[in-house]
Amino acid sequence: MKDLIYGISGGLVVGLMGLAIAGSIAMAQTAPSPAPHKPRTSAKAAMAVWSPDVQKTLGISSDDFKADGLNKLTQAQLASLMSSAKPDPKKHWLVCPASGTAPSGQIHVLLTVAGDDSTGAIAGQIHQAVSSLTGVTVVDSAANADRTLHVVIQEQTTAKRTIGFTASYLTGTPCTEDVAGKMTDVELKGTLGTYTDAKGSGLAMDLAGMLDQDLQPLRSAASTR
């Protein structure tokens with residue numbers, strides 16, 4: 001009887017040991033392998049620093065570089081920003097005045113008179129007539145002008161006698177063209193026409209009346225600002 005109990009007990013012990021060993025082997029086989037060790041990188045991205053090229057491209061001085069927060073960018077981010085800000089050589093911009101100089105409402109006109117006017121009398125009459133228009137100031141450079149009026153005087157003669165004058169005129173809008181950073185003065189052409197007057201003095205009033213109508217869109221734009 002003791003031998004039987006011992007045999008049964010021994011069998012149980014051996015059986016349990018076998019299960020334990022088998023379980024250990026199974027756990028060893030199914031246990032996940034540890035993740036590979038990744039070395040830490042100690043290198044940091046270089047932070048943005050000001051340079052003369054930054055001021056040339058972005059218009060930012062060394063004093064304003066930090067105030068504008070550009071020092072918080074990396075050097076690569078700053079380089080990308082500067083690259084996007086550089087003008088595209090395939091593109092050009094045209095900048096023109098939108099209206100008179102509000103709030104004064106004055107419209108600046110560049111007036112030029114050329115041609116058959118040896119005494120300058122007709123040019124003086126035209127200048128006076130244009131200057132007398134409400135809200136108009138005659139200027140001497142395109143850079144200060146909202147509109148231009150170019151007049152060419154032609155003397156009309158018969159049998160070597162002056163019988164009148166013809167005034168060909170062209171209005172325009174002075175603009176600035178930017179092509180890849182290169183600035184050029186250009187002019188958008190407006191109204192083209194001719195006036196003839198037997199006495200000559202009426203030319204100035206006709207031209208002033210024409211210009212007054214041509215300036216109406218500018219006056220409307222200035223009044224709504």
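The structure displayed is predicted, hence computed values, not measured ones.
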**Q** Quick one: closest heavy-atom pair of E155 and D116, and the distance?
**A**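 Looks like N-OD2, 2.9 Å.
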
**Q** Could you note down all residue pairs passing disulfide (SG to SG under 2.5 Å) where residues 119-190 supplies at least one of them, sequence neighbours left out?
**A**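 For residues 119-190, and leaving out neighbouring residues, the disulfide (SG to SG under 2.5 Å) pairs sorted by first residue read C96-C175.
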
**Q** Say whether, by atom type as modelled, one donor and one acceptor occur between the side chain of W50 and the main chain of I60 under 3.5 angstrom.
**A**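 Yes; judged by distance alone, with no hydrogens or angles, the pair exists.
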
**Q** How many angstroms lie between NE2 in H108 and OG1 in T137, if you round to the nearest 0.5 Å?
**A**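 Reported to 0.5 Å precision, the distance equals 5.0 Å.
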
**Q** Quick one: OG1 on T171 to CZ on R147, what's the gap to the nearest 0.5 Å?
**A**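 Reported value, rounded in 0.5 Å steps: 7.0 Å.
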
**Q** For the residue pair V138 and S131, what are the closest heavy atoms and their distance?
**A**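 Where V138 meets S131 most closely, the heavy atoms are CG2-OG, 3.3 Å.
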
**Q** Kindly give the heavy-atom pair with the smallest separation between L111 and V151, and that separation in Å.
**A**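 In terms of heavy atoms, the two residues are closest at CD1-CG2, 4.3 Å.
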
**Q** Flag yes if M210 and V130 sit in one hydrophobic cluster, no otherwise; membership is Ile, Leu, Val, Met, Phe, Trp, Tyr, and two members link when side-chain heavy atoms are under 4.5 Å apart.
**A**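 Cluster IDs for M210 and V130 match.
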
**Q** Quick check for you: to the nearest 0.5 Å, what is the distance between H127 atom NE2 and S132 atom OG?
**A**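 OG of S132 is found 11.0 Å from NE2 of H127.
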
**Q** Any chance you could measure K189, atom NZ, to H150, atom NE2, to the nearest 0.5 Å?
**A**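 Reported value, rounded in 0.5 Å steps: 6.0 Å.
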
**Q** Let me check something: do L215 and Y195 share a hydrophobic cluster, defined by ILVMFWY side-chain heavy atoms less than 4.5 Å apart, either directly or through other members?
**A**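 Looking at the clustering, Y195 is in the same group as L215.
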
**Q** Starting from L81, can I reach F65 by hopping between I/L/V/M/F/W/Y residues whose side chains sit under 4.5 Å apart?
**A**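 Both belong to a single hydrophobic cluster.
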
**Q** Hey, could you give me the CG/CG distance between L70 and D64, rounded to the nearest 0.5 Å?
**A**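 Answer for the CG-CG pair, L70 versus D64, is 9.5 Å.
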
**Q** Backbone N or O of D212 within a donor-acceptor pair of the Q216 side chain at under 3.5 Å?
**A**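 Yes; judged by distance alone, with no hydrogens or angles, the pair exists.
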
**Q** Rounded to the nearest 0.5 Å, what separation is found between the CG atom of L110 and the CG atom of N144?
**A**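 L110 atom CG to N144 atom CG measures 9.5 Å (nearest 0.5 Å).
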
**Q** Would you check, one step at a time, whether the test side-chain contact (heavy atoms from CB on, under 4.5 Å) holds for V113 with I122?
**A** CA-CA 9 Å; V113 181; I122 299 177; 5.5 Å; no

**Q** Determine the minimum heavy-atom distance between A129 and M205, stating which atoms define it.
**A**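 The answer is CB-SD, 4.2 Å.
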
**Q** Verify the distance criterion only: is there a donor paired with an acceptor across the side chains of T184 and E177 at less than 3.5 Å?
**A**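 There is no such pair (donor and acceptor under 3.5 Å, judged by atom type) between the side chains of T184 and E177.
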
**Q** Can you give me the closest heavy-atom contact between V49 and V54, atom names plus distance?
**A**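 Looking at all heavy atoms of both residues, the shortest contact is O-CG2, 4.3 Å.
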
**Q** Is it true that, when you exclude Q128 itself, more than 12 heavy atoms of the residues, nucleotides or ligands shown sit nearer than 6.0 Å to its CD?
**A**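 For Q128, atom CD is not crowded (no more than 12 foreign heavy atoms under 6.0 Å).
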
**Q** Check step by step if side-chain contact (heavy atoms from CB on, under 4.5 Å) holds for T176 and M183.
**A** CA-CA 7 Å; T176 301; M183 310 297 287; 3.2 Å; yes

**Q** Run the side-chain contact (heavy atoms from CB on, under 4.5 Å) test on D214 and L149 for me, step by step, so that the C-alpha distance in whole Å, both residues' side-chain angles and the decisive distance to 0.1 Å come before the verdict.
**A** CA-CA 10 Å; D214 186 77; L149 173 60; over 6 Å; no

**Q** Would you say L133 ends up clustered with Y169 if hydrophobic residues are merged whenever their side chains have heavy atoms under 4.5 Å apart, either directly or through other cluster members?
**A**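 Same cluster: Y169 reaches L133 through Ile, Leu, Val, Met, Phe, Trp or Tyr contacts under 4.5 Å.
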
**Q** Please report the shortest heavy-atom distance between L211 and V109, naming the atom on each side.
**A**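 Reported closest heavy-atom pair: CD2-CG1, 4.1 Å.
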
